[in-house]
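Presented below is the structure to which this report refers.
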Amino acid sequence: MSGNRTVWEQLLYTYPECDGWKHYMEGAIYHLANLLLLLGFMGGSGIFGCIYIFGLLASGFLCVALWGWLSACGVDIFVWNLLLLLICLAQISHLLYRLRQESYGEHYDSLYRTLYQPLQVPLEVFKEIAHCSGMEVHHLSADQSYALEGKTPIERLSLLLSGRVKVSLEGQFLHYIFPYQFLDSPEWESLRPTEEGSFQVTLTAETDCTFVSWPRKRLYLLLAKEKYITRLFSLLLGFDISQKLYALNDKLFAKFGLRFDIRLPSLYHVLGPCSDSSGEIAPAIESSLMSRDPPPIQKMAPSLPQQAPISRDHRPESGILGEDSTSLIMEDFAELPGSYMDYVSEGEYMK
C-alpha cells in the first residue's frame, strides 16, 4: 500500500506545475476540431447514424493531427490523432460495406423507403418480408393481363411498384390500381389458408408495370411464425381494400348520384352489366335494397348538402406513395396494441 501511495503522491504532487497560462488562443484549426468532435458525439443510431458519427470524428481527429503537427509541434499529438483517424476510416468502410450488403436493389429499396420506413418497420423485419418474395421483380407489358376472371387461381399476393393496372368485371371498368397498392388484396382476404379460389375480376396493365409477389403458402408460413408481420400485413391489406371500396363508391356516386354502404357484400357486382345504361339502378339491386327492413325512425340532424367526391383515380402512374396515404397508415399503425419492441421484449418476434 505504501508503494502505491508513493506512486499516487508522485502523480499528484511532484508533477511540474504550469509556470503560466498562455495569453493567446490557439489557431482556428484547433477550435474547428473541437466543434467537429462535439457534433460527432451528437449523432444518432443505426447504420446511417454511425456513419455520421465516425465521419465527423474522423474530420475532428484530422484537424487535431494537423494542429499537433503545425502549431503544437507535438509528435505524440500527431501520431495519436492520426491513429484515431485511421480507425474511424476503417469503421466507416465497414459500415458502407454492410450497407451495400443490406441493399436489395432499386425496387426493394424504394419499396422500403415508401411503404415500410414511414411505419418505422425495422430493416431486419423487411429483410424477412423481402426474402419471402424471393427477391424477384416481375414485369407486365402494356395490355398484358395479370389475372382473368374465373380462370386465374389465387396463388400469390402482389404489390404494384410502378405503372397502372385496370380492374374490370365482364368487360366493364371498375377502378384503377396505382403504385404501392396491392393487386389482389380482396382475393387474398376472401380465402382462408386451406381454401382455393379464382379471381372474380380481370386485371390488365394499362402501362408497363413492375410488381413483387409473395407466394401464398410461403407467406402464410411467415405470417404464422411472426406475429408482428401478421399485424403489419393486416393493416396494409385493410387500408388497401378500403381504398378500393371508396374508389368504387365514388364511381357509383358519379353514375347514380347515390352512395352505398361499403360494408355491403359483392359491391363489385353493383357496377356490373346488371346496371342499366340509362343511369337508373338495376331492378335487382333496387329490389334487394327495398326488401330490407326499414330502420327505426330516429330524430336525425339536418343533412348537409352533398358535395362532389374527391376523385381517387387521378393519381400518378408511378412514383412515391402520397403523403396523405402514408399519414393515414401511420395513424392506424400507431393504434395497434404494442409496438415492435414490445414483440421483441415478449419473445414473440424471434430473429
Side-chain angles (χ1 to χ4, degrees), residues 46-48 99 102-140 146 156-165 167 175-189 203 205 207-216 218-220 222-223 226-247 312-336 338-341 343 349:
I47 293 183
F48 292 102
L99 188 62
E102 293 180 356
S103 177
Y104 305 108
E106 178 183 358
H107 294 287
Y108 278 91
D109 291 342
S110 177
L111 174 61
Y112 177 74
R113 290 193 304 267
T114 304
L115 199 59
Y116 292 94
Q117 191 173 22
L119 299 178
Q120 299 180 359
V121 176
L123 196 59
E124 293 79 7
V125 178
F126 179 74
K127 184 186 301 183
E128 294 200 24
I129 296 175
H131 281 295
C132 182
S133 67
M135 304 296 297
E136 295 182 4
V137 177
H138 306 276
H139 299 269
L140 280 177
Y146 170 82
R156 56 182 175 174
L157 177 66
S158 300
L159 181 72
L160 187 64
L161 297 178
S162 64
R164 186 173 65 182
V165 175
V167 181
H175 63 88
Y176 285 114
I177 298 177
F178 296 98
Y180 301 104
Q181 289 185 339
F182 288 97
L183 292 172
D184 39 16
S185 53
E187 288 76 15
W188 174 269
E189 291 290 340
L203 280 71
T207 60
D208 293 337
C209 302
T210 57
F211 64 95
V212 295
S213 293
W214 292 271
R216 189 180 175 206
R218 188 184 302 175
L219 182 56
Y220 271 128
L222 178 62
L223 296 180
E226 309 294 353
K227 189 175 180 180
Y228 176 79
I229 300 179
T230 303
R231 295 284 184 88
L232 178 64
F233 267 85
S234 177
L235 170 70
L236 294 175
L237 289 170
F239 180 81
D240 186 81
I241 293 175
S242 66
Q243 291 294 97
K244 291 179 171 60
L245 290 177
Y246 278 119
R312 291 174 172 81
D313 290 343
H314 299 288
R315 297 183 55 176
E317 296 183 1
S318 62
I320 304 301
L321 188 68
E323 295 181 359
D324 296 338
S325 301
T326 306
S327 61
L328 288 175
I329 299 178
M330 292 182 67
E331 291 176 2
D332 294 339
F333 194 68
E335 296 176 357
L336 288 177
S339 62
Y340 169 73
M341 295 308 299
Y343 292 102
Y349 183 84

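Evaluation of the side chain to side chain contact (heavy atoms under 4.5 Å, CB included) rule for S133 yields Y108, W214 as partners, not counting sequence neighbours. By the salt bridge (charged side-chain N to carboxylate O under 4.0 Å, His left out) test, D240 pairs with K244, sequence neighbours left out. Partners of R216 according to the salt bridge (charged side-chain N to carboxylate O under 4.0 Å, His left out) rule, which considers only residues two or more places apart in sequence or in another chain, are E196.
Going from atom CD1 of I129 over to atom CD of E124 covers 12.0 Å, rounded to the nearest 0.5 Å. Rounded to the nearest 0.5 angstrom, Q117 CD and F126 CZ are separated by 10.0 Å. The OH atom of Y112 sits 10.0 Å away from atom CG of L119, with the distance rounded to the nearest 0.5 Å. Separating the CD1 atom in I241 from the OH atom in Y246 is a distance of 13.5 Å, to the nearest 0.5 Å. Of the inter-residue distances, the one linking L222 atom CG with I229 atom CD1 reads 4.0 Å to the nearest 0.5 angstrom. Between D184 atom CG and L159 atom CG the span is 9.5 Å, to the nearest 0.5 Å.
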query: Where do H139 and D208 land on the side chain to side chain contact (heavy atoms under 4.5 Å, CB included) test, with the steps shown first?
result: CA-CA 7 Å; H139 299 269; D208 293 337; over 6 Å; no
query: Please walk me through it: do F182 and S158 pass side chain to side chain contact (heavy atoms under 4.5 Å, CB included)?
result: CA-CA 6 Å; F182 288 97; S158 300; over 6 Å; no
Derivation of the side chain to side chain contact (heavy atoms under 4.5 Å, CB included) call for Y116 and L111: CA-CA 7 Å; Y116 292 94; L111 174 61; 4.0 Å; yes
task: For Y180 and L161, run side chain to side chain contact (heavy atoms under 4.5 Å, CB included): C-alpha distance rounded to whole Å, both residues' side-chain angles, the deciding distance at 0.1 Å, then the answer.
output: CA-CA 5 Å; Y180 301 104; L161 297 178; 4.1 Å; yes
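Here the closest heavy-atom approach between residue H138 and residue E136 is recorded as CE1-OE1, 3.6 Å. Contact record, E128 with E226: OE1-OE2, 3.6 Å, taken as the closest heavy-atom pair. For the residue pair T114 and S110, the shortest heavy atom distance occurs at OG1-O, 2.7 Å. Between G163 and P179 the shortest heavy-atom distance is O-CD, 3.3 Å. Pairing each heavy atom of F211 with each of L160, the nearest pair is CB-CA, 3.9 Å.
Between V165 and F178, the closest side-chain pair of non-hydrogen atoms is not below 4.5 Å. Side-chain contact between Y146 and L140: present, with at least one pair of heavy atoms (C-beta onward) separated by less than 4.5 Å. At least one side-chain heavy atom of W188 sits less than 4.5 Å from a side-chain heavy atom of L237. Counting heavy atoms from C-beta on, the side chains of S185 and F239 never come closer than 4.5 Å.
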